[in-house]
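Naming: A, B, ... by sequence-line order, numbering from 1 per chain. In this text the structure is predicted, and so the values were computed from the model without any measurement. When reading the values below, keep in mind they use all heavy atoms of this one structure, side chains included, and skip hydrogens, waters and symmetry mates.
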Protein chains: 2
Amino acid sequence: MEDVIRSLGYLCLGSRLKRIGEQLQADAQRLLDGLEVPLQSSQYPLLAALDKLGPLAVGELAQSLGLTQPGVTRSVSLLAELGLVEAIQSDGDQRRRVVSLTKKGQRLVDVAKRDVWPRIESAVADLCRDLSGPVLDQLAAIEDGLATAPLDRRVKQGARQ
Amino acid sequence: MEDVIRSLGYLCLGSRLKRIGEQLQADAQRLLDGLEVPLQSSQYPLLAALDKLGPLAVGELAQSLGLTQPGVTRSVSLLAELGLVEAIQSDGDQRRRVVSLTKKGQRLVDVAKRDVWPRIESAVADLCRDLSGPVLDQLAAIEDGLATAPLDRRVKQGARQ
DNA sequence: CCATAAATGATAACATGTTATATAACATAG
DNA sequence: CTATGTTATATAACATGTTATCATTTATGG
């Protein structure tokens, strides 16, 4: 059966990237399933952000993950219920809630960082090894390109109308 | 604010591809908003599949789009409510429901194909123009690589454990 | 100082993907 | 022919993203 998304090329690049991303996450999930805490692979970036940057307010977290604030608010609630993060109202500005890893969350990150993340990284690197170019650079260029000029500002060049 | 997904590299490639894909779709949405029928950009691949391959059963449609059957069932219901497709129970095998474009759906596809899709294609091509390699080929290689050996079969090489 | 604007996060409603499972129709072994 | 397994689709429950909107707190202009 023909893969329509694939044969439509640039027209469906968005659908295709999403599809590949979902599959990568599902694959990574299988590597994470060995850990003691049952957690979706999509939640790990939030934990990794807190581990890397330290405690962050909800909005800062959203910005550093490239997600919207309501999405992050929900993930934080979920992770707080699991006891992996805690959100504490800021002393200075009472609107801000600063999110940080709990002991349990830090322990999970440490284990994942030691036992699982290197395996995921090496597996993905292996997947990309034989590609003709530096894929990450190209994705960066796509992201930068979108930030500079979104698609609707690129329709002049070469399009029929 | 640091972009954590980006700085984590291969580890978060899945999240990153999803994020880029969502942004591309959101951008494409703005180009599609001019059309008479209000439709999310993510629904167009289904219409394009029917236009390209002709009437298809729900399962075949799912396969050609690389989605699961329940997702396609829901999209078909939505598009049927909008009068863009119709699903007719197969004569031979009464389990199958064959989905096809209605007149209205075909008209929408024709207009989109003439007025909008070329603009999206050229805009995305423009976005990818200056990249160092043939991105589509690389994405194809990633997809093929995942199909050949999912990530959890790639952890041996070079990983710490 | 107070009125108003801006910033922060929560919530609701929706979109669209998934997995798990139910139901109905078909296929086949006995 | 019937029991049983398989296939095609539907449905439910959930995950996780979005936009729109609200309440609260903070900042600011007069």
Side-chain angles (χ1 to χ4, degrees), chain A residues 1 5 12 14-30 32-33 38-46 56-63 65-82 85 87-99, chain B residues 1 5 14-30 32-33 38-46 56-63 65-82 87-99:
Chain A
M1 178 62 59
I5 302 293
C12 291
S15 295
R16 192 169 173 195
L17 291 172
K18 273 175 66 180
R19 205 177 63 175
I20 299 175
E22 271 155 20
Q23 186 168 3
L24 275 174
Q25 284 193 336
D27 277 23
Q29 186 66 55
R30 287 205 293 280
L32 291 165
D33 278 343
L39 191 61
Q40 298 286 318
S41 57
S42 31
Q43 300 299 333
Y44 279 91
L46 197 157
L56 290 174
V58 171
E60 296 165 344
L61 202 41
Q63 219 186 324
L65 293 168
L67 300 177
T68 56
Q69 168 261 311
V72 170
T73 293
R74 180 160 7 141
S75 286
V76 166
S77 305
L78 188 152
L79 293 170
E81 269 177 34
L82 292 173
V85 306
I88 294 172
Q89 200 159 46
S90 161
D91 269 6
D93 185 338
Q94 295 200 303
R95 291 167 303 181
R96 303 175 79 228
R97 282 177 65 220
V98 176
V99 183
Chain B
M1 178 62 59
I5 302 295
S15 296
R16 192 169 172 194
L17 291 172
K18 273 175 66 180
R19 206 177 61 174
I20 300 175
E22 272 157 19
Q23 185 167 6
L24 275 174
Q25 284 192 336
D27 277 22
Q29 187 65 54
R30 287 206 293 279
L32 291 164
D33 279 343
L39 192 59
Q40 297 288 318
S41 56
S42 31
Q43 301 299 333
Y44 279 91
L46 198 156
L56 291 174
V58 171
E60 296 165 343
L61 201 42
Q63 220 186 321
L65 292 169
L67 300 177
T68 56
Q69 169 261 311
V72 170
T73 293
R74 184 168 357 150
S75 285
V76 166
S77 306
L78 187 151
L79 293 170
E81 269 177 33
L82 292 173
I88 293 172
Q89 200 159 46
S90 160
D91 268 7
D93 184 340
Q94 295 200 302
R95 292 169 302 181
R96 304 175 79 228
R97 284 176 65 220
V98 176
V99 183

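Side-chain proximity of Glu22(B) to the nucleotides dT16(D), dT9(D), dG17(D) is greatest for dG17(D). If you check dT19(D), dT9(D), dC26(C) against the side chain of Arg96(B), the one that comes closest is dT9(D). Side-chain proximity of Asp93(A) to the nucleotides dT26(D), dT9(D), dT18(D) is greatest for dT26(D). Candidate nucleotides dT16(D), dT11(C), dG17(C) were compared by shortest atom distance to the side chain of Arg74(A), and dT16(D) ranks first. For Thr68(B), taking side-chain heavy atoms from C-beta onward, the closest of the listed nucleotides dA15(C), dT18(C), dT18(D) is dT18(C).
With rounding to whole Å, Leu24(A) atom CG is found 16 Å from dG17(C) atom C1'. Look at NZ on Lys18(A): it is 10 Å from P on dT18(D), rounded to the nearest Å. As rounded to whole Å, 10 Å separates atom C1' of dA24(C) from atom CD of Gln89(B). Between the CG atom of Leu56(A) and the C1' atom of dG9(C) there is a distance of 15 Å, given to the nearest Å. Atom CD of Gln63(A) is separated from atom C1' of dT8(C) by 13 Å (rounded to the nearest Å). Rounded to whole Å, atom P of dT16(D) lies 18 Å from atom CD of Gln25(B). We find that CD1 of Ile88(B) is positioned 14 Å from P of dT9(D), with the value rounded to whole Å. One atom, CD1 of Ile20(A), and another, P of dG17(C), lie 15 Å apart when rounded to the nearest Å.
Side chain of Gln29(B) to backbone of Ser41(B): a donor-acceptor contact under 3.5 angstrom is found. Panel note: side chain Gln63(B), backbone Val58(B); no donor-acceptor pair is recorded below 3.5 Å.
Nearest-nucleotide positions on DNA chain D for Asp91(A) and Gly66(A) put Gly66(A) closer to the 5' end. Comparing Val98(A) and Val72(B) along DNA chain C, the residue whose closest nucleotide (by nearest heavy atom) sits nearer the 5' end is Val98(A).
For the pair Leu32(A)/Leu39(A), no side-chain contact is recorded, criterion being any heavy-atom separation below 4.5 Å from C-beta on. Contact annotation: the side chain of Arg16(B) approaches that of Ile20(B) to within less than 4.5 Å [non-hydrogen atoms, C-beta and beyond].
Residue contacts shown for Gln94(A) are limited to sugar-phosphate atoms, with no base heavy atom under 4.0 Å away. Within 4.0 Å of Gly21(B), counting heavy atoms only, lies no atom of the nucleic acid at all. Contacts of Ala26(A) with the nucleic acid, taken as non-hydrogen atoms under 4.0 Å apart, are absent. Nucleic acid contact for Gly59(B): sugar-phosphate only, since backbone atoms but no base atoms lie under 4.0 Å from a heavy atom of the residue. Backbone-only engagement by Gln40(A) is indicated by non-hydrogen atom pairs under 4.0 Å involving sugar-phosphate atoms exclusively. Counting non-hydrogen atoms under 4.0 angstrom, Ser42(A) reaches the backbone sugars and phosphates but no base.
Once rounded to the nearest 0.5 Å, the distance linking CZ of Arg96(A) with CG of Leu56(A) reads 9.0 Å.
Residues Gln23(A) and Asp27(A) have side chains that never bring a donor and an acceptor to within less than 3.5 angstrom of each other.
You won't find any donor-acceptor pair under 3.5 Å spanning the side chain of Arg95(A) and the base of dT24(D), going by distance alone.
Residue Gln43(B) places at least one side-chain N or O under 4.0 Å from the OP1 or OP2 atom of dT16(C).
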